[in-house]
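In the text below, chain A, chain B and the rest are named by the order of the sequence lines, each starting its count at 1.
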Amino acid sequence: MVEIVTDTINGALRALGIEPPERIEVEVPKDESLGDLSTPVAMSLAKVLKQPPRKIAADILSKIDEARKNSYFESIEIAGPGFINFRLKGEFISKALWEVLSNGGKNLRKNIGRGARVQVEFVSANPTGPLHLGHGRGAAVGSALSNLLKAAGFDVTREFYINDAGRQVALLGLSVFARYQELLGVECPFPEDGYRGDYIADIAKEIISQAGDKYKGAGFDSAGEFFKGFSRDMMLRQIEADLAAFGVHFDIWQSEKELYGRGEVENTIQYLRAKGHIYEKDKALWFRATAFGDEKDRVIVKSDGQYTYFASDIAYHKKKVDGGYAELINLWGADHHGYIQRVKAAIEALGYDRERLKVILVQMVNLLRGGKPVQMSKRAGEFVTLREVMEEVGADTTKFIFLTRRSDSHLDFDLEVAKESSAENPVFYVQYANARINSIFRHAAEKGMGMESIGGISPSVLGLLKEPEEVRIMKKLLMYPMVFEASALAREPHRITYYLQEIAGMFHPYYNRHRIVSETGPELTLARLALVEAVRLVLRDGLEILGVTAPERM
RNA sequence: GCGCCUGUAGCUCAGUUGGAUAGAGCAACUGCCUUCUAAGCAGUGGGUCAGGGGUUCGAAUCCCUUCAGGCGCGCCA
């Protein structure tokens, strides 16, 4: 759809002897009385050509190919400061919609990735406790983004990085160990900053049921590895199950511990050392991050010989870039923003373009109940988990709320609003449109008009759709590929969410005002069935990308 | 103190990468179910785009600055 305008403009510019700019901006005018599509290209060129925008627009207009114009456009006009506005021809719209229907919506998605490999790393929660709502936001956005890029022709790998090598997992093991001894009646001091949630005792009970009192009274020195490993595995299984319940899946679960085990951390350090990016100071090993734009140099091996978290993170990112991905996307909690520069510095030091890594910050979620903040304390083990929220308000609603915001905007998540207003919730509005269309088809089938009859429809039948609502919906549907493409290019799935609300917002009034299945006009019925089928195709396509279900009935 | 994010209608948020007269949902008020699903529809009101400067044909969008909120600035993870 957009190409028709850009091609037209490009052709006219060449006829004028002007080299077309790399990108011709095409937009939908705010006021539909101005036209269906518009380009400000004449104004953009005004600077370069040193001519008034309206004159350039007039020149372009005069060079537009007549045949081309006649087959696509009702009118092309210059308006305002120099916009060129296009109004699409009715027959062209019908034909374009017919094409969408004739291949079942396959051409709604544009292949912009062309198989390029992209890795999306998200959630990556420490396996030391259940997922909370903040993780849920990362999961919803990361998953939708992965779906979107895959739909746009990228070869996407979804990865979850497991921080299972450091102090946190050790602390998890120690916390479980203490609870285990306690449950068996052995006095054991609970670690100062240990994890206090009930899930710790659950893990301890599981160990008792599997291994009995085998470790009763044992020292952590000897039993520690078992407790750490068991706790980590059990925690990870729960995280995976929670994510699965949320409809989120990963291709790769990358263990940090494994990176150490395979010597990848040590190898990476040697590699950087050989390149001269490592030096020793105060008995510690430092990475010369300042050479690559970071604020200060960073320690990777502490003076006591312990690796820092950053050391394994460099190794992890080396593994990623060596893996041949054209783009690495990391979704991080916004509290990690200070980390971006040093990781990018590391990538550059490893000999890669730092721009290969794109970090998407996901802002904190403020959990409210009835307008009041829900107190959460990880120390005391009091927090609302993702699973609890899913059970209370539903996975679809939870996801949709996350996906109607830009990921970098702060977000208030009010449990009461999400739950109590469920009837007024935007997600239902969109799903309901789909359910209603299904209902229409059930009704049509009873009247002997099934999906089959749409299959053999001819473009001219769609020409019967003359109501203003119908024309608006057709045009909106044809804009879907443009929204899809922009959304994928910007790596912003929330644009799809808004589009779906808009299309649903056009369908419901139409449904209310016009009867789809009518006794009087079989031809018109067929045309209208085809129209709502196209709406359904687009709704389902969008919902599938968002990872939100499209129920048959509601 | 320095850095990052945010500030748009009473509330929650969009705003097509700088375009035309700034939008949606919720909340409020008034109507509409013997009809393909009322989780819907029709109608009504609501703005100093936090404030101030600048860049240009044109700014909610880019730059500077002030204010407000959040987050980060360890040989922690």
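- Atom C1' of B:C62 sits at a distance of 27 Å from the matching atom of B:G1, rounded to the whole Å.
- Aromatic pair A:F122/A:F160: centroids not less than 6.0 angstrom apart.
- Residues meeting the salt bridge (Lys or Arg N to Asp or Glu O under 4.0 Å) test with A:K47, sequence neighbours left out: none.
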* What string of B, S and - do you get for nucleotides 2-8 of chain B, 5' to 3', if B is base contact, S is sugar-phosphate-only contact and - is no contact with any protein heavy atom under 4.0 Å? -> -BBBS--
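- Taking the P atoms as reference points, B:U61 lies 24 Å from B:G70, given to the whole Å.
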So which protein nitrogen or oxygen atoms get under 3.5 Å of nucleotides 75-77 of chain B's nitrogens or oxygens?
{"unit_1": "B:C75", "atom_1": "O2", "unit_2": "A:S303", "atom_2": "N", "d": "2.8"}
{"unit_1": "B:C75", "atom_1": "O2", "unit_2": "A:S303", "atom_2": "OG", "d": "2.8"}
{"unit_1": "B:C75", "atom_1": "N3", "unit_2": "A:S303", "atom_2": "OG", "d": "3.3"}
{"unit_1": "B:C75", "atom_1": "N4", "unit_2": "A:D282", "atom_2": "O", "d": "2.9"}
{"unit_1": "B:C76", "atom_1": "OP2", "unit_2": "A:K302", "atom_2": "NZ", "d": "2.8"}
{"unit_1": "B:A77", "atom_1": "OP2", "unit_2": "A:Y309", "atom_2": "N", "d": "3.4"}

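- A side-chain donor-acceptor contact under 3.5 Å links A:S33 and A:D31.
- Listed nucleotides: B:A42, B:A20, B:A14. Nearest to the side chain of A:P509: B:A42.
- Glycosidic conformation of B:U17: syn, with the torsion inside 90° of 0.
- Spacing of C1' atoms, B:C5 relative to B:C75, comes out at 29 Å, to the nearest Å.
- Straight-line distance between the P atoms of B:A60 and B:G23: roughly 13 Å, to the nearest whole Å.
- When the C1' atom is used for both B:U17 and B:A59, the distance is 13 Å, rounded to whole Å.
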